[in-house]
Amino acid sequence: MTQVTRLRQPIVVVLGHVDHGKTTLLDKIRGTAVVKKEPGEMTQEVGASFVPSSVIEKVALPLKSIIPVKLEIPGLLFIDTPGHELFSNLRRRGGSVADIAILVVDITEGFQRQTIESLEILKDKKVPFLVAANKIDRIPGWKPMENETFTKSFKSQSASVQRALDNYVYKLVMQLAEQGFNAERFDRVRDFTKYVTIVPVSGKTGEGLPELLALMAGLTQQYLKSRLRVAEGPARGVILEVKEEQGLGHTIDVIIYDGILKRNDTIALGGLNGVIITKIRNILLPAPLQDMRVSKSGYKSIEEISAAAGVKISAPGLEEALAGSPLYVVEKEEKLPEIRKAIEDELSKVRFARNSTGIVVKADSLGSLESLVAGFEKIGIPVRVADIGPITKRDVIEAELSAKEIEEYGIIAAFRVKPLPGLEVSKVKIIYHDIIYQLIDETQKYIEDLRERRKRRTLDSLILPGKLKILPGFVFRRSDPAIVGVEILGGVIKPRYPLMREDGQKIGEVQGIQDNKKNLDRAIKGMEVSMSIKGNIMIGRQVQEGDILYTDVPQEDLEILFRNYKDSITEDMMEVIKEIITIKRAENPLYGIFIQ
Ligand code: GDP
């Protein structure tokens, strides 16, 4: 590949918490670009918007000291859809196709859950970022100056408003520090390689946008130069989305990040059932509105395009293309095995079936699948099957297999996919959600609830250690059943528990427990209740007033209690356990032997 000195436009993504203003900010940037451009300066893109350097220079003219007057990069390419759902599809081996990110934070709200999540994704993918402290116009008393630089607008605010803004920025600095980043407001940053830059902006009024654009352009061209140098060789890209278009059939929206893409190129990409090799029919860009020669589809076809760019590709056999998959141009036949292997390796990292217990995860794209699996594994939920596409019979069988081992893992977590028509799914739990973190949350909650319920259920079914004293003077009925007043001296006593004397003699089981005529499902240490006991008991014969009785805890129940529910053993129960062990050992020397 011949290296040329040309730098390509950096690919920019916008991330952040919902409602913090990502879409508004992107719209404002696009709007600014449209207003400030010269005729012929804007190229149309698919899935991304290009802001030429001439526009950035014009907007940033009042900020000469911040950015070099002449930009070497041709501009900035903003991915149109903000948020981490689409970002996850910008996959590139060990990182992201995105060169830089804007982390949007509502300055008045500070960090929220998705802000932190976005940060983690950026850290993980090693994408550098700036923080846009958005909605400065909402600071009480702020006097907006439409589309002005932050620097100028800030100067014209009252001292108290300036202080308020500084406080907000300071809060962000602290929140970033908690996440392990040094950060400063942009005009106080000395070393941009060591500090995260915070730019106060308003997506609504456009204030601070000049600084944001200038800093993005300046920083990327200064620090990402080697990454932005493009080769003139065959194109490489990533599939952002797979779409069916009227008149075109299945198409792929692709971000080309390196090389040159030509019509009639042979391309290789990941598909549902393996690598797809096909020949480009058309490279498509949105047609300008005034262009009358446009086909009905609203796209125009071009001969070639060089990185970085967002294009739509139409080609035969794209029905099964996978969003998030890498795309390579196959320049020479000999390269095909190598390329095929690279794609296969990439796909098998994300889609897998393991012979271990865990949940089934199904998603609509490689990127979302990868994020989901990482999210589940991070919180300790193992994944057995991770795959793309609708829920199939095999998925149901896999989930059932998991459930046989660990009941709560009999789950299919479904992200933007549905079961195949007619599939019988009633035997497994399917959890659907269109937002990654909510799907993870709901799945986790379901698993925990089930665990909790099972724990309770099994704990409820055990005969637990308990000790009581028959209170003298409180014998209401001597037998069939005996009804007596008792004091619980330790542990817990419930209806149906078998009882024994201090010498181990069995004497029937608890029928009911009452306190002030109210039925109780249990009595614990310190309680004085009336108890009916049925079976081999007559007060005054086998049992006397003032006698002590214990629950007759089977060896197995004691073992389950210790193995699974150690946390539920109170101090007084532990005392009772020791006494019960002493009693039971007379008959069975191994009773309770595991508790040492
Ligand atoms: P997203 O979910 O992050 O894409 O957020 P949106 O761009 O949809 O914005 C959420 C809400 O905040 C909308 O009602 C916007 O009008 C409002 N908003 C966004 N940016 C600003 C801003 O800079 N100032 C003010 N006052 N409101 C804003």
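Nothing fancy with the numbering, it's 1 onward along the sequence. The basis for the numbers below is simple: all heavy atoms, side chains too, and nothing from hydrogens, waters or symmetry mates. These figures come from a predicted structure and were not determined experimentally. All ligand and atom numbering here is 1-based and tracks the order in the structure.
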Give a yes-or-no answer on whether the side chains of [X] and [Y] include a donor-acceptor pair shorter than 3.5 Å.
| X | Y | value |
| --- | --- | --- |
| Ser202 | Glu207 | no |
| Thr392 | Asp395 | yes |
| Thr205 | Asp137 | no |

To which protein heavy atom is [atom] closest, and what is the distance rounded to 0.1 Å?
| atom | result |
| --- | --- |
| atom 24 (N) of ligand 1 | Asp137 OD1, 2.7 Å |
| atom 23 (O) of ligand 1 | Gly203 N, 2.9 Å |
| atom 4 (O) of ligand 1 | Thr23 OG1, 2.5 Å |
| atom 15 (C) of ligand 1 | Thr24 OG1, 3.7 Å |
| atom 20 (N) of ligand 1 | Asn134 ND2, 3.3 Å |
| atom 2 (O) of ligand 1 | Asp19 N, 2.7 Å |

Please check whether Gly21 reaches ligand 1 - meaning an N/O of the residue sits under 3.5 Å from an N/O of the ligand, judged on distance alone. yes
Heavy atoms of Arg91 and Val238 approach each other most closely as O-CG2, 3.5 Å
Can you label the angle between the Trp142 ring and the Phe150 ring as parallel, tilted or perpendicular, going by 30° and 60°? parallel
As a test of understanding, state which of Lys22, Gln114, Glu117 forms a side chain to side chain donor-acceptor pair (under 3.5 Å) with His17. Gln114
Return the option from Lys135, Glu207, Lys28 holding the heavy atom at the smallest distance from atom 12 (O) of ligand 1. Lys135
Going by side-chain hydrogen bond (donor to acceptor under 3.5 Å, both in side chains), name the residues that satisfy it together with Arg188, two or more places apart in sequence or in a different chain. Asp166
Is Arg138 touching ligand 1 with its side chain, its backbone, both, or neither, if touching means heavy atoms under 4.0 Å apart? side chain
Looking at His17, which atoms of ligand 1 are within less than 4.0 Å of one of its heavy atoms? 3 (O)
